[in-house]
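For reference, the structure is listed below as structure tokens.
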Number of protein chains: 2
Amino acid sequence: MFRQLADLLRNQIESGELGPGEPLPSELRLAQEYNISRTTVRQAIGQLRTEGLVTVDRPRGTFVRVPEPIEIIPLARGEHASARMPTDAERRKYRLGEGVPVLVVTAGDGTETVHPADRVQLTRP
Amino acid sequence: MFRQLADLLRNQIESGELGPGEPLPSELRLAQEYNISRTTVRQAIGQLRTEGLVTVDRPRGTFVRVPEPIEIIPLARGEHASARMPTDAERRKYRLGEGVPVLVVTAGDGTETVHPADRVQLTRP
DNA sequence: TCGAATTTGTCCGTATGTATC
DNA sequence: AGATACATACGGACAAATTCG
């Protein structure tokens, strides 16, 4: 059931019915609207949070995430790249929202640079 | 309180006290051990799941994640790559563990291919 | 300035379902 | 068949922070 609600909200976001920065209905309202418990509503919203689709500003409400401007980073010869979830320390350092991975670029000498995945795109020039 | 338990378990994992593939105590055992509700235990374990530190094999138990063998994928000329968290549907499709991002490679014609980030490394040949 | 209302966060207890051993 | 273990859903209660009259 919580998946159905998550799918429903995700569709509203991806269709533009809920635009970036717009608030979702409150947990209580959603629970009453669909006749489910607040626990189940929170589970659905938790799903969207881990997907990085919404952010929560407590106790103001839950909002559709606003896209970050994208920076283009070239992948130099001999470098390789991977992605993972950040550590807590990295989350604070780069001020990452929930559900935002990091891109790790490793140079030939083993030096690693970390980039927030919601602001960076790798290209091969 | 659930954060304290999550920190405690995370320390046991990172210190090697709980090695890869080893099971965590069951939710019920943890709840009794620390005199907290199973709800709170589940919240703590949920935290570790979103961090990608543990996987759950229902209903066998919860285990410290075993690192995946890595496949090397070249980034062709004109392609670009980014990373994000998968949707629930993608998680099922690619059999992704929780807390595992996806690498999205976009070709020149706009075609997107999705790779599990815990098994793939991008290189520039 | 004060207090009420709103909204999310946390914790508890209970029950039932489902898959594994 | 029975025990075990995680998944899901319900309900209630209080805390913390913001907003607003």
Side-chain angles (χ1 to χ4, degrees), chain A residues 1-10 12-13 18 21-66 88 91-92 95-100, chain B residues 1-10 12-13 18 21-66 86-92 95-100:
Chain A
M1 190 175 291
F2 84 85
R3 277 173 218 286
Q4 291 179 21
L5 177 56
D7 291 345
L8 192 150
L9 293 171
R10 193 186 303 105
Q12 291 187 359
I13 292 172
L18 277 173
E22 276 190 76
L24 274 62
S26 79
E27 296 173 356
L28 192 59
R29 276 203 48 82
L30 288 171
Q32 291 170 340
E33 178 106 21
Y34 298 101
N35 252 307
I36 54 181
S37 73
R38 199 186 140 207
T39 309
T40 306
V41 172
R42 282 182 63 77
Q43 227 173 334
I45 291 180
Q47 176 67 37
L48 301 180
R49 291 172 74 166
T50 68
E51 293 176 12
L53 259 59
V54 302
T55 56
V56 174
D57 187 0
R58 172 189 175 196
R60 287 190 52 240
T62 305
F63 302 86
V64 179
R65 176 162 294 172
V66 178
D88 264 7
R91 284 257 318 274
R92 288 192 294 268
R95 305 199 177 170
L96 298 169
E98 286 178 290
V100 177
Chain B
M1 188 174 292
F2 84 85
R3 276 173 215 287
Q4 290 179 21
L5 177 57
D7 291 345
L8 192 149
L9 293 171
R10 194 186 302 105
Q12 291 186 0
I13 292 172
L18 277 173
E22 278 190 76
L24 274 63
S26 80
E27 295 173 355
L28 191 59
R29 280 212 31 93
L30 287 170
Q32 291 169 341
E33 178 106 21
Y34 298 101
N35 253 307
I36 54 182
S37 74
R38 202 188 136 204
T39 309
T40 306
V41 172
R42 281 183 61 76
Q43 235 175 325
I45 291 181
Q47 178 68 35
L48 302 180
R49 292 171 73 166
T50 68
E51 293 175 11
L53 259 60
V54 301
T55 56
V56 174
D57 187 1
R58 170 189 173 195
R60 286 190 49 240
T62 305
F63 303 86
V64 179
R65 175 161 294 172
V66 178
T87 65
D88 209 42
E90 287 172 330
R91 285 243 325 274
R92 295 169 189 281
R95 301 192 180 172
L96 297 168
E98 287 175 287
V100 177

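Quick note on labels: first sequence line is chain A, next is B, and so on, each numbered from 1.
With dT8(C), dT8(D), dT20(C) as the candidates, the nucleotide lying closest to the side chain of R38(A) is dT8(C). When the nucleotides dT10(C), dC11(C), dC10(D) are ranked by their closest atom to the side chain of S37(B), dC11(C) comes out on top. Distance from the side chain of T62(A) is smallest to dT8(C) among dA5(D), dT8(C), dT7(C). In this structure, of dT8(D), dT10(C), dT8(C), it is dT10(C) that holds the atom nearest to the side chain of R3(B). The nucleotide whose nearest atom lies closest to any side-chain atom of R58(A) is, among dC11(C), dA7(D), dA16(D), dA16(D). Nearest to the side chain of R42(A), among dA5(D), dT7(C), dT8(C), sits dT8(C). Nearest to the side chain of Q43(A), among dC6(D), dT8(D), dT10(C), sits dT8(D).
Each of R91(B), E98(B), R92(B) was checked for a side-chain contact (heavy atoms from CB on, under 4.5 Å) with P86(B), and the lone residue meeting it is R91(B).
Residues L5(B) and T40(B) are not in side-chain contact: their nearest non-hydrogen atoms beyond the backbone lie 4.5 Å or more apart.
If you check the side chains of Q47(A) and Q43(A), you find no donor sitting under 3.5 Å from an acceptor.
For the pair T39(B) and E27(B), nearest-nucleotide mapping onto DNA chain D gives the more 5' position to E27(B). Both D57(B) and R60(A) lie near DNA chain C, and the one whose nearest nucleotide falls closer to the 5' end is R60(A).
Considering only side-chain N and O atoms, R49(A) lies under 4.0 angstrom from the phosphate OP1 or OP2 of dG9(C).
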